[in-house]
Amino acid sequence: MSQFDEREQAFEKKFAHDAETKFKAEARRNKYLGLWLAESFGLSGEAATAYAGEVIASDLKEEGFEDVIAKVMADIAARSVDVSEDAVRAKIREFDAKAKDEILNEKG
């Protein structure tokens, strides 16, 4: 195997690893967001976990997290809960940093 082929394989492995890490961090961020909102909605236990799963699934529709924002803001409005979009976006940033940190620390 040539040095070029080895570099190409290493690059492909790194790309796949980075993509997997990003996906895991985003899913974890969305789980935290869902659990935080579930508490605001008065949900607990399995209902809170199920709602967090809905939030995770909502992020699979399009690139970025605007699909998550749209879903949770609709849920907030439907439940007449006093949580602003700014608060949701702040929590997304907070949970994104937390999730990335946890993922990186898990991998050592």
Side-chain angles (χ1 to χ4, degrees):
M1 181 177 291
S2 74
Q3 192 174 24
F4 178 77
D5 290 337
E6 289 173 3
R7 284 186 192 174
E8 183 178 22
Q9 280 187 341
F11 179 76
E12 288 172 359
K13 284 181 183 178
K14 181 179 180 344
F15 180 81
H17 176 266
D18 290 349
E20 178 183 359
T21 300
K22 180 181 179 219
F23 178 80
K24 286 179 180 179
E26 289 173 354
R28 191 173 295 191
R29 171 199 70 204
N30 294 334
K31 176 183 174 185
Y32 291 146
L33 180 68
L35 293 173
W36 173 72
L37 284 170
E39 186 177 329
S40 298
F41 298 159
L43 303 175
S44 62
E46 289 182 20
T49 302
Y51 181 72
E54 291 176 24
V55 175
I56 293 167
S58 73
D59 197 23
L60 303 176
K61 294 178 181 168
E62 58 188 55
E63 185 66 28
F65 57 82
E66 291 304 316
D67 45 356
V68 174
I69 297 285
K71 189 250 186 303
V72 300
M73 292 311 299
D75 294 344
I76 289 166
R79 289 175 171 85
S80 299
V81 176
D82 187 23
V83 177
S84 70
E85 185 173 332
D86 288 341
V88 169
R89 288 181 182 278
K91 283 295 183 181
I92 285 176
R93 288 189 298 275
E94 175 187 331
F95 293 143
D96 192 53
K98 177 181 177 180
K100 286 177 183 174
D101 185 53
E102 288 176 355
I103 297 289
L104 292 175
N105 286 327
E106 286 173 4
K107 297 201 177 214

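Side-chain atoms are counted along with the backbone in the values below, which use heavy atoms only and exclude waters and symmetry mates.
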Open item on the list: What verdict does the side-chain contact (heavy atoms from CB on, under 4.5 Å) test give for Y51 and V72, after you've listed the backbone C-alpha separation in whole Å, the side-chain angles of each residue and the deciding distance to 0.1 Å?
Closed with: CA-CA 10 Å; Y51 181 72; V72 300; 3.7 Å; yes
Check your understanding: Between N30 and E26, is there a donor-acceptor pair closer than 3.5 Å when you use the side chain of the first and the backbone of the second?
Key -> yes
Exercise. What do you reckon, is CD of E39 surrounded by more than 12 foreign heavy atoms closer than 6.0 Å?
Worked result: no
The reported gap from CG in L37 to CZ in R79 (rounded to nearest 0.5 angstrom) is 9.0 Å
| message | Atom NZ of residue position K100 - does it have more than 12 heavy atoms of other residues, nucleotides or ligands inside 6.0 Å? | response | no
ask   = Y32 vs F95 aromatic rings, parallel, tilted or perpendicular, using cut-offs 30° and 60°?
value = tilted
Paired with D59, the salt bridge (charged side-chain N to carboxylate O under 4.0 Å, His left out) test is passed by just one of R29, K31, R28, namely R29
Exercise for the section: Any chance you could lay out the salt bridge (Lys or Arg N to Asp or Glu O under 4.0 Å) test for K71 and D75, step after step, and finish with the verdict? Expected result: CA-CA 6 Å; K71 189 250 186 303; D75 294 344; 2.6 Å; yes
If you define the side chain from C-beta out and look only at heavy atoms, does anything of I76 sit under 4.5 Å from V88? yes
*Under a 4.5 Å side-chain heavy-atom rule over Ile, Leu, Val, Met, Phe, Trp and Tyr, are M73 and V81 clustered together?*
yes
Is the shortest heavy-atom distance from the side chain of D96 to the side chain of F65 under 4.5 Å?
no
CG (D67) and CG (L60) are apart, to the nearest 0.5 Å, by 8.0 Å
Rounding to 0.5 Å, atoms CD (E54) and OG1 (T49) come to a distance of 11.5 Å
In terms of heavy-atom contacts, L35 and A48 come closest through CD2-O, 3.7 Å
Shortest non-hydrogen pair, K24 vs I103, comes out as CB-CD1, 3.9 Å
dist R89:CZ -> I69:CD1 (nearest 0.5 Å) comes out at 4.0 Å
**Side chain to side chain, L33 and V68, heavy atoms closer than 4.5 Å** = yes
